[in-house]
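Shown next, in structure tokens, is the structure this report addresses.
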Amino acid sequence: MDSHIRLSNPRTGENSERERILRRGYNFMENLDSVGRLSAGLLFVCFNRNIQTQFESIQKRLTNPKLPDQMLAYTDTTGGGYFAVLPGVPSKGSYLGQSLFA
């Protein structure tokens, strides 16, 4: 019940379906750092429509002190950010982001 996958997507019905995100992890590995440690990790990327109802609600579950994600003991987050992507162009004569400004 406290696994990373189960906490991030518990599949409890309609609420968990609304929270689903498209996600992908990219492994990276660089050379040794100045003290001989291997610099390696995972770049996590996800796409969602609503940060609050999707990404942030998942993060709240993962960091819940009553049932924390056990993977947190093995990870160290060193950065992050949110980036907006404009909607695509649905048809000829339309322009990028038109649905936001119409």
* Among all residues two or more places apart in sequence or in another chain, which pass the salt bridge (charged side-chain N to carboxylate O under 4.0 Å, His left out) test with Asp76? -> none

* Asked: If we only count heavy atoms from C-beta on, is the Pro10 to Arg61 side-chain gap below 4.5 Å?
  -> yes

* Asked: Given Asp69 and Thr63, is the side chain to side chain contact (heavy atoms under 4.5 Å, CB included) satisfied, shown in steps?
  -> CA-CA 6 Å; Asp69 178 12; Thr63 58; over 6 Å; no

* To do: Using atom types as modelled and distance alone, determine if a side-chain donor or acceptor of Ser94 lies under 3.5 Å from a backbone N or O of Pro90.
  => no

Anything under 3.5 Å between a donor and an acceptor, one on a side chain of residues 43-53, the other on a protein residue two or more places apart or in another chain? List them.
{"unit_1": "Asn50", "atom_1": "OD1", "unit_2": "Gln52", "atom_2": "N", "d": "3.0"}
{"unit_1": "Asn50", "atom_1": "OD1", "unit_2": "Thr53", "atom_2": "N", "d": "3.0"}
{"unit_1": "Asn50", "atom_1": "OD1", "unit_2": "Thr53", "atom_2": "OG1", "d": "3.4"}

* To do: State the CG-CZ distance between Leu42 and Arg24, to the nearest 0.5 angstrom.
  => 10.0 Å

* To do: Determine whether Met29 and Leu38 make a side-chain contact, defined as any pair of heavy atoms from C-beta on separated by less than 4.5 Å.
  => yes

* So how far is it from His4 NE2 to Tyr74 OH, rounded to the nearest 0.5 Å? -> 14.0 Å

* Could you tell me whether a side-chain N or O of Glu30 sits under 3.5 Å from a main-chain N or O of Phe28, the two making a donor and an acceptor? => no

* To do: Would you please name every residue forming a side chain to side chain donor-acceptor pair (under 3.5 Å) with Asn31, sequence neighbours left out?
  => none

* Provide the closest heavy-atom pair for Asn9 versus Ser16 in the form atom of the first, atom of the second, distance. => OD1-CB, 4.0 Å

* Closest approach of Gln54 and Arg18, non-hydrogen atoms and distance? -> CG-O, 3.4 Å

* Structure fact -> Taking every heavy atom of Leu62 against every heavy atom of Ser8, the minimum-distance pair comes out as CD2-N, 3.9 Å

* Connected via hydrophobic side-chain network under 4.5 Å: Ile58 and Leu67 -> yes

* Answer yes or no: is there a donor N or O on one side and an acceptor on the other, between the side chain of Glu19 and the main chain of Phe55, under 3.5 Å? => no

